[in-house]
Amino acid sequence: MKHILIICFSLMLLFACSNSSDKSKPVTNEPIYTLIFLDKTRSVNINNSFVAQKYQQALSEIIEQNIRQKGDKLEVYFIHENTSKARALNLTVRTEMDDVSASSATDREAAETEFTMALTREKSQIRQRVFQQLSAQNSGASNQETDIWASLPVVAKANESGATVKVYYLSDMIESVKGARRRDFQIKSPKDNAQADEWAKTDAGQLKQYTIGSPDITMILPFEPNASVKENNPAVTQYWQKLFSELGAGTVTEE
């Protein structure tokens, strides 16, 4: 029994040391492809202090989590009447970790420190450029309609890269496009979750041409906690939850 306890303790110690060592090393997983869709229509007021603070914090967290190594990509698109042609930013991480496989422990630590500092600087530059796009105003005619469906071919193209795709919508998610077989939630939104699911299933049928893969999708809404049902209709986000799921999305969350 005593020998068994000694063996167990040794294995636990080895595992703990291994974990500690791994945490100190830079990430070397497959690249992350981050897609950020910023709503630039009349219904989202970025000059509102609550919206500005929430979206700045969200963008900071996205950059911190997803920008980790050379090859990670980040693209920003504007949501409006011409979403699929509204790419505002296209960045690829350049900071690279030196090969330290044959180096001493001291040299490895120095290289990792240098990598971390360089990546921190690049993250700061990326954050500044993304914030500039967040504050950009759209006073053109394209702010009259909100075409979120048009983001799907963009996601499908990112899926072709083979990277891990993460998608973020900073929007009220109020699809508003005129025309046959389109949705205009400004005029008629789903009355409840059952109708939202029904509409989503119907729409998924004509949108299945887009192979979006299984990205993680996050909807970051601009509404304050005390917003009314009329302003922040839960059936609208239910529609998107169901639609994205029908198209194969991994996880779909709302913030």
Side-chain angles (χ1 to χ4, degrees), residues 35-59 61-62 76-84 86 133-152 154-155 167-207 212 215-247 249 251-255:
L35 283 172
I36 299 173
F37 293 95
L38 299 178
D39 198 321
K40 293 297 178 179
T41 59
R42 293 180 303 167
S43 60
V44 176
N45 180 14
I46 194 58
N47 293 322
N48 178 283
S49 59
F50 173 83
V51 177
Q53 182 178 354
K54 179 174 182 177
Y55 279 0
Q56 286 175 7
Q57 182 178 346
L59 290 170
E61 291 175 356
I62 291 167
V76 174
Y77 280 77
F78 290 161
I79 294 175
H80 50 50
E81 177 265 338
N82 192 21
T83 301
S84 64
Q133 301 307 322
L134 175 66
S135 61
Q137 300 295 317
N138 178 20
S139 56
S142 64
N143 72 8
Q144 302 297 308
E145 292 190 356
T146 306
D147 192 355
I148 301 174
W149 280 14
S151 68
L152 296 174
V154 177
V155 179
V167 185
Y168 302 87
Y169 292 91
L170 279 67
S171 169
D172 58 10
M173 305 305 289
I174 305 296
E175 178 85 353
S176 180
V177 179
K178 298 175 178 62
R181 303 179 69 188
R182 293 304 306 256
R183 299 292 176 188
D184 191 341
F185 292 160
Q186 294 279 13
I187 296 176
K188 184 179 181 181
S189 59
K191 62 183 180 181
D192 54 30
N193 286 350
Q195 187 172 61
D197 287 346
E198 179 187 345
W199 287 5
K201 289 179 180 178
T202 298
D203 296 341
Q206 62 174 311
L207 295 170
I212 68 170
D216 292 334
I217 297 177
T218 304
M219 299 177 287
I220 306 174
L221 307 177
F223 306 116
E224 298 192 42
N226 60 355
S228 65
V229 170
K230 184 178 180 180
E231 183 181 9
N232 183 12
N233 182 354
V236 169
T237 46
Q238 175 62 28
Y239 167 86
W240 293 108
Q241 289 266 1
K242 186 65 176 177
L243 180 66
F244 290 140
S245 296
E246 287 287 316
L247 295 175
T251 61
V252 184
T253 56
E254 172 190 335
E255 295 181 1

Residue pair Y239 / F244, side-chain heavy-atom distance below 4.5 Å: no
Has the side chain of K40 got a donor or acceptor atom that lies under 3.5 Å from a matching backbone atom of L134? yes
At what distance, to the nearest 0.5 angstrom, does NZ of K54 lie from CD1 of I46? 11.5 Å
Tell me which one of V44, N232, L170 satisfies side-chain contact (heavy atoms from CB on, under 4.5 Å) with L221. N232
First locate atom NZ of K178, then atom CD of E81, and finally report the distance between them rounded to the nearest 0.5 Å. 10.5 Å
Testing I212, I217, V155 one by one against L247 for a side-chain contact (heavy atoms from CB on, under 4.5 Å), which residue passes? I212
Donor-acceptor check, side chain of S142 to backbone of N138, threshold 3.5 angstrom: yes or no? no
Heavy-atom check, side chain of I36 versus side chain of I62, under 4.5 Å: yes
So do E145 and H80 actually touch side chain to side chain, heavy atoms under 4.5 Å? no
Taken to the nearest 0.5 Å, the spacing of I220 CD1 from Y169 OH works out to 12.0 Å
Ignoring hydrogens, what is the shortest heavy-atom contact between P190 and N233? Give both atom names and the distance. O-ND2, 3.4 Å
To the nearest 0.5 Å, atom CZ of R183 lies from atom CD of E175 at 9.5 Å
To the nearest 0.5 angstrom, please state how far the OG atom of S135 sits from the CG atom of L38. 10.0 Å
Please find the pair of heavy atoms, one from T83 and one from I79, that lie closest to each other, and give the distance. OG1-CA, 3.5 Å
Considering non-hydrogen atoms only, spot the tightest contact between D39 and S171 and give its length. OD2-OG, 2.7 Å
Side-chain (E198) to main-chain (A194) donor-acceptor, under 3.5 angstrom: no
Test item: N47 and Q137 side chains (from C-beta on) under 4.5 Å apart, heavy atoms: yes
Using a cut-off of 6.0 Å, state whether more than 12 heavy atoms not belonging to Q53 lie near its atom CD. no
Between F50 and F223, is the gap from one ring center to the other below 6.0 Å? no
Note, W149 side chain near R182 side chain (heavy atom, < 4.5 Å): yes
S189 to Q195 - nearest heavy-atom pair and separation: O-OE1, 4.2 Å
For the ring pair Y55 and Y168, is the centre-to-centre distance below 6.0 Å? no
Check: V252 and W240 side chains under 4.5 Å, non-hydrogen atoms: no
Q238 side chain to D197 side chain, donor-acceptor N/O pair below 3.5 angstrom: yes
Side chains of S139 and N143 only: does a donor on one sit below 3.5 Å from an acceptor on the other? no
Testing the basics here: between A150 and S84, what is the closest heavy-atom pair and its distance to 0.1 Å? O-CB, 3.4 Å
Compare all side-chain heavy atoms of D147 with those of N82 and state whether any distance is below 4.5 angstrom. no
Using side-chain heavy atoms (C-beta onward) and a distance below 4.5 Å, is L207 in contact with L243? yes
Starting at CG of D184, measure out to OG of S176 and round the result to the nearest 0.5 Å. 3.5 Å
